[in-house]
There are 2 protein chains.
Amino acid sequence: MESSKTGRRPGTPQTKEAILDAAIASFVESGYAATTIRGVARAADVDPALVMHFFGSKDGLFDAALRGAMPVRELAVALSGDVSSLGARLTRRYLEVWESPETGPRIRAIVGSIASTPAAAQIMRDFMSGELATPLAKSLPGDQPERRAILAAAQLMGMAFARYLLAVEPMASMTTDELVISVGPSVQRYLTGDLG
Amino acid sequence: MESSKTGRRPGTPQTKEAILDAAIASFVESGYAATTIRGVARAADVDPALVMHFFGSKDGLFDAALRGAMPVRELAVALSGDVSSLGARLTRRYLEVWESPETGPRIRAIVGSIASTPAAAQIMRDFMSGELATPLAKSLPGDQPERRAILAAAQLMGMAFARYLLAVEPMASMTTDELVISVGPSVQRYLTGDLG
DNA sequence: AGATGAATTCAACGTGGTTGAATAGCCCCC
DNA sequence: GGGGGCTATTCAACCACGTTGAATTCATCT
């Protein structure tokens, strides 16, 4: 399957997919800084210039690889149910998403790269304000639903940041249940409580 | 003032300070990734190898430049006063610290580099668990003061992250007073309220 | 004065993102 | 059915970066 001469490799136009798969794996396992275009190219058995050709830049590769990796549907299931217990459901679902071996590593990769590349910040911004806050705001009864949704999202993000990225004690060793009990009511207050 | 020959430049042993100043300026203005050791050396009119000699690595340079840049004293002033309004005072002071042209840019540089270099994460961890949570916990009356302090710190960090680093709407355009009114009670609940 | 050690520079290595030109295969149109 | 053009693909090169090792200069101690 190896190509020795120059020019287009015949037969397989799924090369782009292979590059994307390698990129996702590398970004997730090693983060943005430690991921190299040359390494991704090597893993996909391809020339580095081809990665550039397809995705323009390392930033573009990150965007293509991890946009759409935010677990929108996984969180949406928390929306259905009694609004008075929405805070606890959302908090628990959020924690599960961060701990799931499926979705967790991808979120870590995105959030952890926010400062390294504009793509990560944009993905996160789109997620918080479009994919999470908008549907959440629609299921809220009170005034200023967008503001409520963003305040809740910020609270959840701070919790996850301290727990999973910084791993600061004693937050890192609290159980999921303890966190739901501690943080859930604050989220609930943002969603349906009195904001002043 | 330029040196043309090799060897130690006579007279000025404050070169280390000059390098540190250039490093702080660059990390603060451009972040970790965009700061280059060669650029810092150029700004300090020094050879890149000298930066390595003094600080060991880019990571070491970051640590030396920004450790101690967290505004511990600025936040400590919020501790004195009535405990029942501590949440609001802390929230307001925290926002002011992020917005001050003195302390704000440095915090942004540190928090924004958490994923890029271990030094930033360690600085932040030391700050949250040592310099902020410990004195905060000491002035709390209830049970589990460390846990309360960290929960409050995580809430504040999430707020700042969404507002100043992501700049997601409508959080970015809320006023300080609105945020104090909205977030302060949640912080207060962590500090003195019922955690379940 | 000589030795010691720190400050400082120079040149080099390896790696990384990115670029420009070149080639090879495919499809469309006349 | 043959030529033009588009796309996939590679190669070689550029420049900047972090880091290293040896060399040189200076100050200080003995």
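Owing to the predicted nature of the structure, the values given are computational and were not obtained by experimental measurement.
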Rounded distance (Å) that lies between atom [atom2] of [N] and atom [atom1] of [X]:
{"X": "L50(A)", "N": "dC11(D)", "atom1": "CG", "atom2": "P", "result": "11 Å"}
{"X": "D45(B)", "N": "dT9(C)", "atom1": "CG", "atom2": "C1'", "result": "12 Å"}
{"X": "L61(A)", "N": "dG16(C)", "atom1": "CG", "atom2": "P", "result": "15 Å"}
{"X": "H53(A)", "N": "dA12(D)", "atom1": "NE2", "atom2": "P", "result": "19 Å"}
{"X": "I19(A)", "N": "dT10(D)", "atom1": "CD1", "atom2": "C1'", "result": "12 Å"}
{"X": "F55(B)", "N": "dT8(C)", "atom1": "CZ", "atom2": "P", "result": "11 Å"}
{"X": "M52(A)", "N": "dG16(C)", "atom1": "CE", "atom2": "P", "result": "14 Å"}
{"X": "D47(A)", "N": "dC11(D)", "atom1": "CG", "atom2": "P", "result": "6 Å"}

List every contact pair, protein side and nucleotides 13-16 of chain D side both N or O, where the distance is under 3.5 Å.
none

Quiz item: Want to settle it: does G39(B) or G56(B) sit nearer the 5' end of DNA chain D, counting the closest nucleotide to each?
Solution: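 That would be G39(B).
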Quiz item: Of all the nucleotides listed (dC11(D), dG18(D), dA8(D)), which has the minimum atom distance to the side chain of I37(B)?
Solution: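 The closest nucleotide is dG18(D).
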Exercise. Would you mind telling me which of dA7(C), dT9(D), dG18(D) lies closest to the side-chain atoms of T15(A)?
Key: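 When the side chain of T15(A) is considered, dT9(D) is the closest of dA7(C), dT9(D), dG18(D).
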Quiz prompt | Quiz item: cation-pi between K58(B) and Y32(B), 6.0 Å / 45° | solution =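 The answer is yes, since K58(B) meets both limits relative to Y32(B).
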Practice problem: Look at the side-chain heavy atoms of Ile, Leu, Val, Met, Phe, Trp and Tyr, link any pair under 4.5 Å apart, and say whether I181(A) and L156(A) land in one connected group. | Solution: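 The answer is no; the residues belong to distinct hydrophobic clusters.
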Distance-only side-chain donor-acceptor flag, [X] / [Y], under 3.5 Å:
{"X": "R89(A)", "Y": "S85(A)", "value": "yes"}
{"X": "E96(B)", "Y": "S100(B)", "value": "no"}
{"X": "T175(A)", "Y": "D177(A)", "value": "no"}

Self-check item: Carboxylate-amine/guanidinium contact R108(A) E29(A), below 4.0 Å
Solution: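 No, R108(A) and E29(A) are not salt-bridged.
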Quiz prompt | Carboxylate-amine/guanidinium contact R189(A) D194(A), below 4.0 Å | solution =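 Salt bridge flag = no for D194(A) with R189(A).
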